[in-house]
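This is a predicted model, so every value here is computed, not measured. Whatever order the structure lists ligands and atoms in, that order sets their numbers, starting from 1.
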Amino acid sequence: MRKIIIAGNWKMHKTQSESLEFLQAFLPHLEDTPETREIVLCVPFTSLHFMSKNLHGSRVKLGAQNIHWAEQGAFTGEVSGAMLTEIGINYVIVGHSERRQYFGETDETVNSRLLATQKHGLTPILCVGESKAQRDAGETENIIINQLQKALVNVDQNNLVIAYEPIWAIGTGDTCEATEANRVIAIIRSQLSNKNVTIQYGGSVNPKNVDEIMAQSDIDGALVGGASLEASSFSRLVNYNLI
Ligand code: 13P
């Protein structure tokens, strides 16, 4: 059985007090959310410990947005696996397109970060996706397969989540058609040795399109940016098909 995971990626949003405000408004909406749906919030490093304390006893899991591959050392601005596990988190987003685009992340560093995540007993959410130019050039499948092959060297597929996030759909309101996202995700699954890996879709998921996205046969969840910032919209997403 593939696990359903609805995850919010808060990116560089929310102070601790804003995070608390969100939780107070969000948590009451989970009363009827089926237990089979895993709910994750990937928050900035500065809020992780605070959120971990405030989520104690709740079903919501926590994720970080990055991890360094070294155990410790002279890596200004980076955070290690041990620093994250001590806080009590479960997931780490690795290889988000914003990190690839703005911070020099490569397929090789993505692979190193995936291995570090697993070494520390955390579950990576590996992001892959093509740009608009690559899609227009008919390169989508090649790009995705190449990203996967390089990222997954020596990675344990029994402790892995993948998010298909077409770059042109992120933060643009230009959602990938649900059936097209499903097609690409089926290609991703065909590349894996473990067919039970949870594969999410990400890119302008919102309360209006979530039901159709989650109805697709190969889509096991969503990785959500903008619509995870408001309790009203994120609660609608985790309660897809129910309200
Ligand atoms: P949006 O939902 O804002 O398009 O962001 C998607 C994303 O990048 C999640 O990681």
| When you look for heavy atoms under 4.0 Å from ligand 1, do you find them on the side chain of Asn9, its backbone, both, or neither? | side chain
| request: Measure from the side-chain N and O atoms of Asn239 to the backbone N and O of Ser235, and report whether any donor-acceptor pair falls under 3.5 Å. | output: yes
| What's the verdict on side-chain contact (heavy atoms from CB on, under 4.5 Å) for Thr175 and Tyr201, showing C-alpha distance, side-chain angles and the deciding distance? | CA-CA 10 Å; Thr175 325; Tyr201 167 76; 3.6 Å; yes
| Below 4.0 angstrom, N of the basic side chain to O of the carboxylate: do Asp211 and Arg236 qualify? | yes
| Is Gly202 near ligand 1, meaning one of its heavy atoms is under 4.0 Å from it? | no
| Which of the atoms of ligand 1 are close to Ala169, meaning less than 4.0 Å from one of its heavy atoms? | 4 (O)
| request: Return yes if some donor-acceptor pair links the side-chain N/O of Glu38 with the main-chain N/O of Lys3 below 3.5 Å, else return no. | output: no
| How many angstroms lie between OG in Ser19 and CD in Gln24, if you round to the nearest 0.5 Å? | 11.0 Å
| What is the closest protein heavy atom to atom 5 (O) of ligand 1, and at what distance does it sit? | Lys11 NZ, 3.3 Å
| query | What do you reckon, does Val224 have a nitrogen or oxygen under 3.5 Å from a nitrogen or oxygen of ligand 1? | reply | no
| task | Provide, to 0.1 Å, the distance between atom 3 (O) of ligand 1 and the closest protein heavy atom, together with that atom's residue and name. | result | Gly226 N, 2.8 Å
| query | Any N or O of His96 that comes nearer than 3.5 Å to an N or O of ligand 1? | reply | yes
| request: List every atom of ligand 1 that sits less than 4.0 Å from any heavy atom of Gly171, numbering the atoms from 1 in the order shown and giving each element. | output: 1 (P), 3 (O), 4 (O)
| said: Test of understanding: with side-chain hydrogen bond (donor to acceptor under 3.5 Å, both in side chains), list the residues that count as partners of Asn90, not counting sequence neighbours. | reply: none
| said: Give me the residue, atom name and distance of the protein heavy atom closest to atom 2 (O) of ligand 1. | reply: Gly225 N, 2.8 Å
| message | Within the 4.0 Å heavy-atom shell around Glu165, which atoms of ligand 1 are there? | response | 6 (C), 7 (C), 8 (O), 9 (C), 10 (O)
| query | Can you find a non-hydrogen atom of Ser204 under 4.0 Å from ligand 1? | reply | yes
| Plane angle bin for Phe22 and Trp10 - parallel if under 30°, tilted between 30 and 60°, otherwise perpendicular | perpendicular
Would you be so kind as to tabulate the donor-acceptor pairs closer than 3.5 Å made by side chains of residues 47-55, with sequence neighbours excluded?
{"from": "Ser52", "atom 1": "OG", "to": "Ile87", "atom 2": "O", "distance (Å)": "2.7"}
{"from": "Asn54", "atom 1": "ND2", "to": "Phe50", "atom 2": "O", "distance (Å)": "2.9"}

